[in-house]
Undergrad: 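Below: one structure in structure tokens.
Numbers restart at 1 for each chain; the letters A, B, ... are given by sequence-line order, proteins then strands. What's counted below: heavy atoms across the whole structure, side chains too, no hydrogens, waters or symmetry copies.
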Amino acid sequence: MEVTARAPGKIILAGEHAVVHGCAAVASSIDLYTSVSLRLRSEDEDTIKLLLNDIGLDFSWSIRRIKEVLSHLGSPFSLTPTPCSPETVTSLAALVEEQRFPESKIGLASGVYAFLWLYTSILGFKPATVVVSSELPLGAGLGSSAAYCVALSAALLALSASVDLDKSQKGWFTLKAEAELVNKWAFEGEKIIHGRPSGVDNSVSTFGNVIKFKSGVMTRIDSNMPLRMLITNTKVGRDTKALVANVSARKSRHPSVMCSVLNAIEAISDEWCTIIQSHAVDDLCLSANEEKLGEFMEMNQGLLFSIGVSHASIETILQTTMKYKLASKLTGAGGGGCVLTLLPTHVSGAVIDKLVEELESFGFQCFTAGIGGKGAQISFDHSS
Amino acid sequence: MEVTARAPGKIILAGEHAVVHGCTAVASSIDLYTSVSLRLCPEDEDTIKLQLNDIGLDFSWAIGRIKEVLSHLGSPFSSIPTSCSPETVKSLAALVDEQSFPESKIGLASAVYAFLWLYTSILGFKPATAVVSSELPVGAGLGSSAAYCVALSAALLALSDSAKLDVSQKGWFSFKSEAELVNKWAFEGEKIFHGRPSGVDNSVSTFGNVIKFKSGVMTRIDSNMPLRMLITNTKVGRDTKALVANVLARKSRHPDAMCSVLNAIEAISDEWSTIIQSHAVDDLCLSANEEKLGELMEMNQGLLFSIGVSHASIETILRTTMKYKLASKLTGAGGGGCVLTLLPTHVSGAVVDKLVEELESFGFQCFTAGIGGKGVQVSFDHSS
């Protein structure tokens with residue numbers, strides 16, 4: 001029995017940082033996926049295998065050993081998504097340490113803990129091989145960990161006894177009633193990787209399309225606007241906590257100015273929501289909308305510069321796209337990370353290729369992606 | 001009888017563009033001067049001469065010819081500053097056309113009309129030679145036309161019968177009671193250049209120090225904070241009217257966001273006013289103030305980017321100064337023009353030299369200047 005699940009990454013269209021101070025932000029899925037394929041093995045095999053293809057790491061645990069380590073939990077089979085307690089994380093860490101985990105990739109350890117937790121919680125101790133591959137760069141703010149958790153949760157649930165799916169169905173299909181459950185399990189996985197995540201990343205990955213979020217409340221937005229973005233990864237790592245703290249510090253030094261800056265960002269998020277839900281009747285309409293959205297991105301970028309979260313690498317990308325008269329803005333925490341550039345429908349492929357070539361010559365990594373597409377999907381007749 | 005007058009240029013510290021929409025802006029003088037020296041000739045000489053040294057243009061008019069052309073005005077001697085009517089501008093244009101005015105410098109014709117108007121209004125038909133030289137680049141937003149008008153008005157008034165100055169006084173001295181009159185005449189000169197100037201440029205040049213202005217009301221601010229700026233001229237010309245119109249258009253497309261952006265800029269101007277009037281008791285205090293002001297400049301620049309008045313050349317300068325951890329912001333209309341970089345007291349001369357070298361390698365022109373210094377001054381024992 002085999003299943004493959006794929007879950008999209010995400011971008012913040014507007015409102016990052018301001019959202020920490022109670023303003024609205026808007027996120028959407030991007031059609032870059034993390035795929036998890038899960039193949040159940042025969043009962044007499046005694047191993048659970050995890051292959052992280054892009055990273056080139058393989059893990060193999062004997063089921064007996066896993067049972068041993070997790071014995072204190074009693075029955076881990078829980079239909080209700082349950083957090084992984086700190087003690088259990090310690091137990092899982094022991095299991096991971098027994099594998100040869102290269103020092104350089106130690107940041108990925110929590111991803112392996114999340115795997116073991118979700119696996120044993122949803123499927124128990126059935127032997128299987130799990131293969132993970134992804135189109136998303138890690139740690140760049142594109143929601144790679146959430147996409148991983150969502151795809152993993154979806155694949156596990158698809159093969160679990162608690163979910164009843166038509167396994168003869170061909171091609172990719174979206175989960176309906178099970179989506180909420182996938183999202184809740186994915187959130188538990190995210191907690192292992194991030195401590196106190198907002199839940200937006202996994203929600204966008206599970207449900208797709210566009211989500212507006214403000215003060216902990218998420219609202220799904222139905223958009224069918226076919227927008228394309230160039231996503232450029234500066235490959236500059238950043239300390240998100242420090243960036244967030246700096247913004248708070250600036251706010252306490254200049255409360256009036258910052259208050260107005262945050263209000264401006266909120267107004268931009270609200271306008272994004274309005275425009276992206278409008279249904280363009282023709283190309284002219286779409287073009288006009290793209291122009292407005294491009295202008296928002298430019299304004300949002302200026303405001304993010306004002307709050308102090310830009311970076312020399314981001315500015316370089318901005319200057320480059322400006323030459324092509326394209327609007328860009330950093331997405332996520334800033335200080336490095338990724339930059340979005342809106343690619344209006346009238347821009348030719350040749351122009352984009354030229355721009356990508358120029359950006360890559362700086363050492364940046366480029367992806368083009370459609371936004372607001374489907375969330376997690378599974379297939380019984382695909383192999384990874 | 002000879003007098004030299006020198007008047008400073010100006011920079012906008014904060015609030016440009018927003019001021020058009022009713023917000024506050026803050027301007028200060030810079031210690032870069034335009035000097036006008038005026039030497040009365042014996043009565044039997046029949047010419048008025050004007051030498052524009054930096055531009056390499058000389059003019060010479062027969063007084064008889066000037067009297068002819070301006071005869072319709074009756075007595076032009078007016079102790080009250082009077083506007084130059086359109087008909088009079090035409091007459092003056094005839095006088096200028098009769099000189100060999102190179103086509104390439106036709107933009108400077110206004111300077112010559114202003115000279116003739118102010119001269120005949122204040123001094124009548126006395127023969128004299130006026131020599132003008134300037135440290136200020138023309139048309140770059142640093143108030144060169146205002147400094148010219150102020151220096152010219154000051155020199156003319158110093159030698160006129162109506163002023164009662166002690167001509168035996170040594171060195172440079174400021175006007176006291178006559179300053180208002182200088183400013184009013186200079187404003188009439190500015191109207192010939194700019195049509196409907198705000199009057200801020202000539203006021204800053206006349207009175208020096210710092211001026212806060214909002215909705216047509218100017219407030220002089222007493223500051224003794226010794227701030228230094230690097231002023232970089234992109235040498236990119238711009239259409240100020242178009243830039244102002246574009247901001248207005250963006251405001252009508254995105255009223256909420258733009259309203260908040262303008263509020264943020266106003267808050268920045270208010271903070272500048274407050275900080276710059278505070279009296280630093282020691283170097284630590286000054287350093288702390290410089291840090292806050294640098295942060296305000298960075299924030300103001302992000303907001304100016306948001307309203308769409310930045311430019312590739314401005315962004316290049318920003319990126320360069322960012323490498324040296326110095327804060328910069330465009331000053332004036334944007335779209336080219338000049339960029340201010342705050343030079344805190346702790347920054348060494350060697351670092352500034354290195355930065356200037358790098359900026360000049362792009363083809364930009366650099367000046368360092370102290371801000372908020374004295375306004376127009378005259379001297380009877382200096383020659384230009």
Undergrad: Counting a contact as any heavy-atom pair under 4.5 Å apart, which residues of residues 292-303 of chain B contact chain A?
TA: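 At a heavy-atom separation under 4.5 Å, chain A is reached by B:Lys292, B:Glu295, B:Leu296, B:Glu298, B:Met299, B:Gln301, B:Gly302, B:Leu303.
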
Undergrad: Mind checking what makes side-chain contact (heavy atoms from CB on, under 4.5 Å) contact with A:Val20, not counting sequence neighbours?
TA: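 Counting only residues at least two positions away or on another chain, A:Val20 forms a side-chain contact (heavy atoms from CB on, under 4.5 Å) with A:Val244.
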
Undergrad: Supply the atom-to-atom distance A:Gln319 CD to B:Ser310 OG, rounded to the nearest 0.5 angstrom.
TA: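 Going from CD on A:Gln319 over to OG on B:Ser310, the span is 9.0 Å.
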
Undergrad: Hey, are the side chains of A:Thr316 and B:Arg319 touching, using non-hydrogen atoms and a 4.5 Å cut-off?
TA: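 In contact.
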
Undergrad: Among A:Lys323, A:Glu295, A:Met258, who wins on heavy-atom pairs under 4.5 Å with chain B?
TA: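 Going by pairs under 4.5 Å, I would pick A:Glu295.
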
Undergrad: Tabulate, in ascending numerical order, the residues of residues 342-362 of chain B having at least one heavy atom closer than 4.5 Å to a heavy atom of chain A, or enter 'none'.
TA: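 So no residue qualifies.
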
Undergrad: Can you tell me if CG on A:Asp283 sees more than 12 non-hydrogen neighbours from other groups inside 6.0 Å?
TA: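 Counting other residues, nucleotides and ligands, CG of A:Asp283 stays at 12 neighbours or fewer.
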
Undergrad: Determine, step by step, whether A:Glu298 and B:Phe305 satisfy the side-chain contact (heavy atoms from CB on, under 4.5 Å) criterion, reporting the C-alpha distance in whole Å, the side-chain angles of both residues, the deciding distance to 0.1 Å, and the verdict.
TA: CA-CA 8 Å; A:Glu298 182 180 281; B:Phe305 181 92; 3.7 Å; yes

Undergrad: Do other residues, nucleotides or ligands put more than 12 heavy atoms under 6.0 Å from B:Gln277 CD?
TA: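 Count over threshold, so yes.
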
Undergrad: At a heavy-atom separation under 4.5 Å, does A:Leu318 approach chain B through its side chain, its backbone, both, or neither?
TA: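 The side chain, not the backbone.
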
Undergrad: Could you go step by step and tell me if A:Val257 and B:Glu271 meet the side-chain contact (heavy atoms from CB on, under 4.5 Å) rule?
TA: CA-CA 9 Å; A:Val257 182; B:Glu271 275 205 61; 3.6 Å; yes

Undergrad: Are there residues of residues 247-269 of chain B that reach to under 4.5 Å of chain A by heavy atoms, and which ones?
TA: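 Listed by number, the contacting residues are B:Arg250, B:Arg253, B:His254, B:Asp256, B:Ala257, B:Met258, B:Ser260, B:Val261, B:Asn263, B:Ala264, B:Ala267, B:Ile268.
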
Undergrad: Side chain, backbone, both or neither: which part of B:Ile307 has a heavy atom under 4.5 Å from chain A?
TA: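 For B:Ile307, no heavy atom lies under 4.5 Å from chain A.
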
